[in-house]
Amino acid sequence: MLAAFSNLSKDVRQYMLVTFNYWNFTVTDGALRMLVVLHFHQLGYTPLQIASLFLFYEFFGVVTNLIGGWLGAKLGLNRTMNIGLAMQVVALLMLAVPSVYLTVPWVMLAQALSGIAKDLNKMSAKSAIKTLVPGDRQGALYKWIAILTGSKNALKGAGFFVGGLLLATIGFKGAVITMAAVLFVVLVMSLTWLEKDMGKAKAKIKFSHIFSKSSSINILSAARMFLFGARDVWFVVALPIYMGQVFGWDHTLVGGFLALWVIGYGFVQGFAPRITGKARGVVPDGKAALGWAGLLSVITAVVALGVQTGWQPEITIVVGLLIFGAVFAVNSSLHSYLIVSYAKDDGVSLDVGFYYMANAMGRLIGTILSGLIYQSSGLAACLWVSFAFLVITTLISIRLPAHLKTQVVS
C-alpha cells in the first residue's frame, strides 16, 4: 500500500494526506458535538444552557478564520493544519476530567479550543486544494472541492452516530479519551508526511490583509453567514432536543438519524457539480447560487408551516429535513466552489479565511438563537427564523457576479 502511495504524483499524495487529516478530524468534531448536546441534556441542562456551551466554540471560530487565513499565508498551511489537530487532542482530553470538574466555564473553554482547532483545520484543507489545482482547471477545482466538502459532511454525520453510540456504550469520558488517542496518531502521521510550506505566500503578508478587499468575496461571505445561520438555528440544539422530547427517541436513535441526514447531505455535496451543470460542460456562477438559495427558502417555509399547524410532526420533520438537507447541500457546495474560485492564488488562505469567518459568525448566531428561541417559542419559531435568514441570503445573492458560463476543464 505504501509503495502504491509513493507512486502517485506529489499533488495527489498531498491531496490525499490533507483529506485524510480532514476526515479524521471531522469525525471527532461531529461526535463531540453530539456527545455534548446529549450528555448535558441528560444532566438536566436547559436548551439555552446547552447552546451556551457552544458559545466560545463558535465565537473563536469567527476569530480563528479571520486570523487563521493570515497565519496560513504567513506560516504555511501544513503548520496551521497540524496546530489544529494538536489543539483538538487537548480539547478532548480536557473533557476527560472527572464529572465534578465539568462545569460550564470548563466545558466552554474546552469547546473554545475545539472551535479554534476545527476552523484552523478546515481553512487549511480548503485552501490547500487551491494550491494543488492549476488556475485554468476550474472544473477540476469544483470537483475536488465538492469531494472534500461532501466527504467531510458525510463523515461529520458518521461522527454524530459515533457520538451517540459511544455515549450509550462506554460513556462520555471513555468516548473523548478514545477520540483523542485516534487523533494523536493522525497528528504524528501529518507531521511526518505533510509537505512543508504548502500555501505559504510568496509576497509579504500584512496583518491588515485579513480583511478582504474583493466585493465578490464580501458579498459571498454575507450570503454564507445567513445561509449557515438558517441551518443552525433549528438544527444544532432545537432539533435533537425536540426529537427526544416530542418523538421520544433515545440517544442512539437521535444520533443515528442525524448522522444519516448529514451523511446523505455530504453525498449530495459530492455530486453537486453534476447537479449544477458539470455534465453539460459548464461551471456555476452567482446566478446559480441565487436560484438555489431561493428554492431553499420556499422549502423551509413549507416545513415551518407544517410544524406550526401540527400536521403529522414526524413525517413533516423527517421528510422536510431530508429535502432541506439535499437542497442546502447544493447551496453549500456552490459557495465552497465560488470562494476558492474567487480567491487570489498567492495567499489564498486570506480570502478563504475571511469567508469562513462569516460562515462561523452565521453558526454562532444560529446556535445561540437555536437554544433561545426553542426554549421560549418552540421548533416552529426556529424554522420561521430560518426562513427569514434564507430570504436575506437570497436577496444578498442577487449581487453575486453572474459571469458567462465557461466550459469545464477537468
Side-chain angles (χ1 to χ4, degrees), residues 5 13-36 54 56-58 60-96 109-132 148-149 151-160 162-163 166 175-200 348-349 352-353 356-357 359-360 363:
F5 180 75
R13 289 200 307 271
Q14 291 299 301
Y15 175 77
M16 291 175 68
L17 285 168
V18 166
T19 304
F20 179 75
N21 287 352
Y22 196 35
W23 281 355
N24 280 276
F25 188 101
T26 298
V27 171
T28 68
D29 184 57
L32 182 57
R33 179 170 287 265
M34 190 56 57
L35 279 166
V36 170
F54 294 102
F56 281 1
Y57 175 93
E58 301 295 358
F60 281 100
V62 175
V63 176
T64 302
N65 277 298
L66 196 58
I67 299 176
W70 173 76
L71 287 173
K74 191 173 183 67
L75 303 178
L77 297 172
N78 64 304
R79 290 185 176 88
T80 51
M81 175 165 276
N82 291 334
I83 291 170
L85 287 167
M87 291 184 72
Q88 182 75 337
V89 172
V90 173
L92 288 165
L93 292 177
M94 284 181 66
L95 296 173
L109 179 59
Q111 288 290 87
L113 286 179
S114 182
I116 295 170
K118 187 261 293 186
D119 283 297
L120 278 177
N121 194 270
K122 179 170 69 173
M123 178 278 299
S124 302
K126 293 289 181 72
S127 300
I129 303 307
K130 178 80 169 183
T131 70
L132 300 175
L148 183 69
T149 305
S151 62
K152 181 267 290 187
N153 284 298
L155 286 165
K156 187 169 185 177
F160 285 171
V162 168
L166 289 177
V176 294
I177 290 175
T178 300
M179 292 192 297
V182 171
L183 213 56
F184 180 76
V185 174
V186 175
L187 173 60
V188 172
M189 295 171 64
S190 181
L191 287 168
T192 303
W193 289 322
L194 196 61
E195 184 181 71
K196 305 297 186 291
D197 297 334
M198 179 191 295
K200 189 172 181 179
V348 56
S349 62
V352 174
Y356 279 111
M357 176 274 293
N359 186 105
R363 293 197 314 266

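Computed from a predicted structure; not experimentally measured.
The shortest heavy-atom contact between Val89 and Ala180 is CG2-O, 4.0 Å. Of all the heavy atoms in Val62 and Met357, the pair that sits closest is O-CG, 3.2 Å. The two residues Thr192 and Val188 have their closest heavy-atom pair at OG1-O, 2.8 Å. Between Thr26 and Leu155 the shortest heavy-atom distance is CG2-C, 4.1 Å.
Judged by distance alone, the side chain of Ser190 and the main-chain N or O of Val186 form no donor-acceptor pair under 3.5 Å. The backbone N or O of Ala110 sits nowhere less than 3.5 Å from a side-chain atom of Ser114 that would complete a donor-acceptor pair. Proximity of a side-chain donor or acceptor of Asn121 to a complementary backbone N or O of Ala117 within less than 3.5 Å is not detected.
Considering only heavy atoms from C-beta on, Leu32 comes within 4.5 Å of Gln111 through its side chain. Here the side chains of Phe54 and Arg363 are not in contact, with every heavy-atom distance at 4.5 Å or above. A heavy-atom distance below 4.5 Å is not found between the side chains of Val176 and Leu93. Between Met81 and Leu120 there is no side-chain heavy-atom pair separated by less than 4.5 Å.
Under the salt bridge (Lys or Arg N to Asp or Glu O under 4.0 Å) criterion, Lys118 pairs with no residue, sequence neighbours left out.
Atom CZ of Phe56 is surrounded by 12 or fewer heavy atoms from other residues, nucleotides or ligands within 6.0 Å.
Here Leu17 contributes atom CG and Asn78 contributes atom CG; the two are 11.5 Å apart, rounded to the nearest 0.5 Å. Rounded to the nearest 0.5 Å, atoms CG (Leu187) and CG (Leu191) are 4.5 Å apart. Separation of atoms CG (Leu85) and OG1 (Thr28) is listed at 8.5 Å; rounding is to 0.5 Å. For the atom pair CG of Leu113 and CG of Leu95, the computed distance is 9.5 Å after rounding to the nearest 0.5 Å. Interatomic distance, Phe25 CZ to Phe20 CZ, rounded to the nearest 0.5 Å: 14.0 Å. The CD atom of Gln88 lies 6.0 Å from the CG atom of Leu183; values are rounded to the nearest 0.5 Å.
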*Any chance you could lay out the side-chain contact (heavy atoms from CB on, under 4.5 Å) test for Leu35 and Met179, step after step, and finish with the verdict?*
CA-CA 12 Å; Leu35 279 166; Met179 292 192 297; 3.6 Å; yes

_Walk me through whether Asp29 and Tyr57 qualify under side chain to side chain donor-acceptor pair (under 3.5 Å)._
CA-CA 11 Å; Asp29 184 57; Tyr57 175 93; 2.7 Å; yes

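Pairs engaging residues 80-90 under the salt bridge (charged side-chain N to carboxylate O under 4.0 Å, His left out) rule: none recorded [sequence neighbours left out].
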